[in-house]
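Below you'll find the structure, written out as structure tokens, and then a few comments.
Residue numbers start from 1 in every chain, and the chains themselves are labelled A, B, ... in the order their sequence lines are given, proteins ahead of strands.
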Number of protein chains: 2
Amino acid sequence: MLRISRLTDYGTLVLAHLPAREAELMSAAEVAAATGINLPTVSKLLKSLTKAKLVASGRGAQGGYRLARDAARISAAEIIDALEGPVSITECSATDSHCDLESVCSVGNAWQRINVAIRRALQEINLTELQRARAPVPRFELAGTPIHVERKG
Amino acid sequence: MLRISRLTDYGTLVLAHLPAREAELMSAAEVAAATGINLPTVSKLLKSLTKAKLVASGRGAQGGYRLARDAARISAAEIIDALEGPVSITECSATDSHCDLESVCSVGNAWQRINVAIRRALQEINLTELQRARAPVPRFELAGTPIHVERKG
DNA sequence: ATAAAAGAGGACTATTTTAGTCCTATTTGA
DNA sequence: TCAAATAGGACTAAAATAGTCCTCTTTTAT
Ligand code: FES
Ligand code: FES
């Protein structure tokens, strides 16, 4: 069902291996070695992430990449946006930016509202939580009924 | 990003037009006319939905389809499962697949838990809510912070 | 009986999306 | 000046999705 692409999964792994802000740069080749992902793919991912301002880069010899900001301030939603683009059934439902056709729009259906709801939840999950093997378990509440998600294993 | 396929969207529309349980059957051709979706596609959708036990069918002349149970007892998660299959949020975290990056990957499990959380939320949304033009807006709570999603328009 | 109306179940093609690779230009440090 | 890197695309390959079509079975009406 609602699936993120494999590249987004890889991208998260790449981000998890990058040095933090202020630390030294790490080259794409080093990231590829650390993650086990092929270099061309890592390179492509890092370029996309840099373009999205999630990663900062230094060019030339001794160049490389590092996180553009603290892992705690990089959300799952941002990672998805950077690597999959704000694609959705309709352009306006993809982002939080409000379309001024909303009031007269007939295609703003329930699925799109659900999509927005999920999206907002994803904005509350940051890279630090994604990195941790035992991150706090997300808990969703819907229509007054708390839904608790158990920790695995 | 996390998008549902077009067929799933169509499928929801088809379900919304089907007669309720105990009412008379409606043929695929009638559903196609009512929804504006091409007949072969409607037919395919109805077959998938029937196989998933979300709709009941009658064969032969005067045959057709109706909801297998009350709309309030058909969840969004079931509709997605019927039309897209029970795929996971990431390929790696699917139970039947084994990713060769697993040994170095620190994030697969986090995406999987997010997936479970989203699934559970989707199980709480039913067809009646999807049908309503102005359905109650889903509200998600994550890690103690309530996230309210405003009604559109 | 027979014919017609419908669904069941696949097979098939076409389209679109996604993944992965590669090439060339540019930047930087030694 | 050379070598190490990223930037930015172009390109191909692979996979998922959408859509169509064919044949078989079931049911009802004549
Ligand atoms: S066109 Fe913007 S809400 Fe539908
Ligand atoms: S388990 Fe496959 S990339 Fe994480």
For [X] and [N], what is the distance between atoms [atom1] and [atom2] respectively, to the nearest whole Å?
| X | N | atom1 | atom2 | result |
| --- | --- | --- | --- | --- |
| A:Lys44 | D:dT12 | NZ | P | 14 Å |
| A:Asn38 | C:dT18 | CG | P | 20 Å |
| A:Ile80 | C:dT18 | CD1 | P | 13 Å |
| B:Glu84 | D:dA18 | CD | C1' | 12 Å |
| A:Arg66 | D:dT6 | CZ | P | 14 Å |
| A:Glu30 | D:dA4 | CD | P | 13 Å |

With a 3.5 Å cut-off and heavy atoms only, can you find an N or O donor on one side and an acceptor on the other between the side chain of [X] and the base of [N]?
| X | N | result |
| --- | --- | --- |
| A:Lys51 | D:dG8 | no |
| A:Arg59 | C:dT26 | yes |
| B:Lys47 | C:dG9 | yes |

Classify the side-chain pair A:Gln123/A:Ser75 by whether it contains a donor and acceptor separated by less than 3.5 Å.
-> no

Between A:Glu78 and A:Arg69, is there a salt bridge with N-O shorter than 4.0 Å?
-> yes

Report the distance from atom OG1 of B:Thr128 to atom CD1 of B:Ile125, rounding to the nearest 0.5 Å.
-> 12.5 Å

Rounded to the nearest 0.5 Å, how far does CD of A:Glu84 lie from OG1 of A:Thr8?
-> 3.5 Å

Position toward the 5' end of DNA chain C (nearest nucleotide), A:Gly60 or A:Leu7 = A:Leu7

Given DNA chain C, 5'-ward residue of the pair A:Ala61 and A:Pro40, judged by closest heavy atom | A:Pro40

Across the strands shown, which category fits B:Ser43 at heavy-atom distances under 4.0 angstrom: base, sugar-phosphate, nothing?
-> nothing

With a non-hydrogen cut-off below 4.0 angstrom, is A:Ala29 in contact with a base, only sugar-phosphate, or nothing?
-> nothing

Could you check A:Gln62 against A:Leu46 and say which one's nearest nucleotide on DNA chain D is further toward the 5' end?
-> A:Gln62

Any [X] side-chain nitrogen or oxygen under 4.0 Å from OP1 or OP2 of [N]:
| X | N | value |
| --- | --- | --- |
| A:Thr41 | C:dT21 | yes |
| B:Tyr65 | C:dA8 | yes |
| B:Thr50 | C:dG7 | no |
| B:Ser57 | C:dA6 | no |

Closest of C:dA6, C:dA19, D:dA5 to the A:Arg6 side chain is C:dA19

Is there side-chain contact between A:Thr50 and A:Tyr65, with heavy atoms separated by less than 4.5 Å?
-> yes

